[in-house]
Protein chains: 2
Amino acid sequence: MQKEHSLSKNQKIIFDLIDKSGGPMKAYSILFNVQKKGIKAPLQVYRALDKLVEIGKIHKIESRNAFIACQNSSCQVSKATAFSICESCENVSEISNSKLSKYLSSFSDNSGMKYSKYNLEFFGLCKKCKSK
Amino acid sequence: MQKEHSLSKNQKIIFDLIDKSGGPMKAYSILFNVQKKGIKAPLQVYRALDKLVEIGKIHKIESRNAFIACQNSSCQVSKATAFSICESCENVSEISNSKLSKYLSSFSDNSGMKYSKYNLEFFGLCKKCKSK
DNA sequence: TTATAAATGTTATATTATTACATAACGTTA
DNA sequence: TAACGTTATGTAATAATATAACATTTATAA
Ligand SMILES: [Zn+2]
Ligand SMILES: [Zn+2]
Ligand SMILES: [Zn+2]
Ligand SMILES: [Zn+2]
């Protein structure tokens with residue numbers, strides 16, 4: 001069990017929005033959606049996003065510049081993330097596969113690097129898009 | 001052996017620059033460096049980068065918005081890439097590990113996704129930075 | 001309470017990437 | 001060669017993503 005982080009006002013507004021959306025959201029789309037709640041500037045959004053990423057409540061999908069709610073239990077605070085991305089419909093989901101995560105978390109090579117974190121993005125076609 | 005792509009003028013200028021740099025380069029830094037060669041606009045750079053990525057001569061480091069010359073043999077035309085990134089000095093190198101690439105290329109789960117491509121980024125500290 | 005850290009508000013600006021449109025070079029085949 | 005389609009180039013404008021700098025407020029905790 002990890003520490004509970006109590007979210008601040010802006011963090012909560014933004015996390016709830018992303019979480020309810022069920023998929024990845026882009027920063028300026030988030031901004032647009034929370035303006036009625038008083039969050040008016042990009043920086044307010046980015047600060048909340050930074051914090052939410054830091055504590056593992058959301059992840060950034062790097063190839064899409066988008067943010068998605070963690071679908072596991074905050075992923076060891078975001079040190080090990082894997083996503084599946086449909087290149088047709090842009091559906092994204094978080095992969096939760098213990099074999100994969102064990103394999104990657106224990107990966108090492110002879111480069112002398114000490115790895116502490118990874119992010120993996122798989123691309124392809126989802127079930128729906130395949131059958132079209 | 002894969003098809004040889006003969007690079008166009010702009011593509012060659014930009015590939016040579018990235019390749020010689022030995023590390024990741026950002027688009028606008030590339031632009032700055034090739035202005036004396038007549039490449040004046042961002043779009044000229046991005047078009048060349050797009051093509052070079054497509055044919056596997058370079059890869060995009062998504063978490064850094066930067067581009068690096070392929071250190072293998074054009075990585076099955078960029079369908080399977082893995083990088084090691086030092087979070088201290090930002091040194092990046094391409095991981096060439098056949099076990100890892102086999103494992104990931106054959107990865108599948110019960111989601112119904114058909115995976116055709118992946119990108120993996122490991123983060124940590126390189127040898128030098130560790131010992132500081 | 002008082003000090004410290006964390007979060008917020010606001011303006012301006014930097015960085016990364018694309019749209020739209022016009023032109024030129026290249027490769028193929030009639 | 002001529003005509004055609006494809007790829008690459010040039011140029012201007014703009015869109016999309018992200019951060020710097022500074023002032024103020026709120027939460028936490030010694
Ligand atoms: Zn997660
Ligand atoms: Zn799909
Ligand atoms: Zn490569
Ligand atoms: Zn380093």
Side-chain angles (χ1 to χ4, degrees), chain A residues 3-18 21 23-68 77 85 87 90 92 119 121, chain B residues 3-18 21 23-68 77 85 87 90 92 119 121:
Chain A
K3 188 182 175 302
E4 263 306 303
H5 287 271
S6 57
L7 302 182
S8 74
K9 177 172 144 284
N10 288 2
Q11 289 159 17
K12 186 160 182 0
I13 290 169
I14 287 171
F15 175 72
D16 287 346
L17 176 68
I18 299 173
S21 85
M25 288 194 78
K26 313 202 99 191
Y28 278 73
S29 151
I30 292 168
L31 175 58
F32 178 81
N33 277 275
V34 297
Q35 278 180 329
K36 49 185 167 301
K37 303 227 174 187
I39 296 176
K40 290 174 190 156
L43 190 49
Q44 292 175 290
V45 172
Y46 280 104
R47 283 197 285 225
L49 291 173
D50 284 352
K51 187 68 187 187
L52 291 167
V53 165
E54 185 191 322
I55 65 182
K57 300 282 289 180
I58 65 172
H59 305 301
K60 183 171 187 182
I61 311 297
E62 294 287 358
S63 65
R64 297 300 186 260
N65 296 320
F67 301 84
I68 192 168
V77 188
I85 303 170
E87 291 188 292
E90 292 294 325
V92 173
N119 179 56
E121 298 181 3
Chain B
K3 188 182 176 303
E4 263 305 303
H5 287 272
S6 57
L7 302 182
S8 74
K9 175 171 145 282
N10 288 1
Q11 289 159 17
K12 185 157 182 6
I13 290 169
I14 288 172
F15 174 72
D16 287 346
L17 176 67
I18 299 173
S21 87
M25 289 194 77
K26 315 202 97 192
Y28 278 73
S29 151
I30 292 168
L31 175 58
F32 178 80
N33 276 276
V34 297
Q35 277 179 331
K36 48 186 167 300
K37 303 227 176 188
I39 296 175
K40 291 174 189 156
L43 189 49
Q44 294 176 289
V45 172
Y46 280 105
R47 282 198 285 224
L49 290 173
D50 284 351
K51 187 68 186 188
L52 291 168
V53 165
E54 186 192 321
I55 65 181
K57 298 283 287 182
I58 65 172
H59 305 301
K60 183 171 187 181
I61 310 299
E62 293 288 357
S63 66
R64 298 301 186 258
N65 296 320
F67 301 84
I68 192 169
V77 189
I85 303 171
E87 290 186 295
E90 293 294 325
V92 173
N119 179 56
E121 297 181 5

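We name chains A, B, ... by the order of the sequence lines, and we start the count at 1 in each one. Hydrogens, waters and symmetry mates play no part in the numbers below; they use all other heavy atoms, side chains included. As the structure is a prediction and not an experimental result, all values here were calculated from the model.
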Could you check how far [atom1] of [X] sits from [atom2] of [N], rounded to whole Å?
X	N	atom1	atom2	result
A:Gln35	C:dG9	CD	P	13 Å
A:Lys9	C:dA6	NZ	C1'	14 Å
A:Ile61	D:dT17	CD1	P	14 Å
A:Asn10	C:dT8	CG	C1'	7 Å
B:Lys51	D:dT7	NZ	P	7 Å
A:Asn65	D:dA15	CG	P	18 Å

side-chain contact (heavy atoms from CB on, under 4.5 Å) involving B:Ser63 - partner list, sequence neighbours excluded: A:Glu62, B:Ile61, B:Ile85, B:Glu121, B:Phe123
A:Tyr28 meets the side-chain contact (heavy atoms from CB on, under 4.5 Å) criterion, sequence neighbours left out, with A:Leu31, A:Pro42, A:Tyr46
Side-chain donor-acceptor distances from residues 9-17 of chain A under 3.5 Å, at least two apart:
{"from": "A:Gln11", "atom 1": "OE1", "to": "A:Ser8", "atom 2": "N", "distance (Å)": "3.0"}
{"from": "A:Gln11", "atom 1": "OE1", "to": "A:Ser8", "atom 2": "OG", "distance (Å)": "3.4"}
{"from": "A:Gln11", "atom 1": "NE2", "to": "A:Ser8", "atom 2": "OG", "distance (Å)": "3.4"}
{"from": "A:Lys12", "atom 1": "NZ", "to": "A:Asp16", "atom 2": "OD2", "distance (Å)": "2.8"}

Give every pair of a protein N or O atom and an N or O atom of nucleotides 23-25 of chain C that lie under 3.5 Å apart, one pair per line with the distance.
none

Is there a residue in residues 24-31 of chain B whose heavy atoms reach under 4.0 Å of DNA chain C, and which residues are they? B:Lys26, B:Tyr28
Which residues, if any, of residues 37-50 of chain B bring a heavy atom under 4.0 Å of DNA chain C? B:Leu43, B:Tyr46
Contacts of type side-chain hydrogen bond (donor to acceptor under 3.5 Å, both in side chains), residue B:Gln35, not counting sequence neighbours: none
Return a single string for nucleotides 24-30 of chain D, one symbol per nucleotide in 5' to 3' order, where B is base contact, S is sugar-phosphate-only contact and - is none, cutoff 4.0 angstrom on heavy atoms. -------
Base, sugar-phosphate, or nothing for B:Lys60, non-hydrogen atoms under 4.0 angstrom? sugar-phosphate
Using C1' atoms of five pairs at each end, report the bend of the helix from C:dT1-D:dA30 to C:dA30-D:dT1 rounded to 10 degrees. 40°
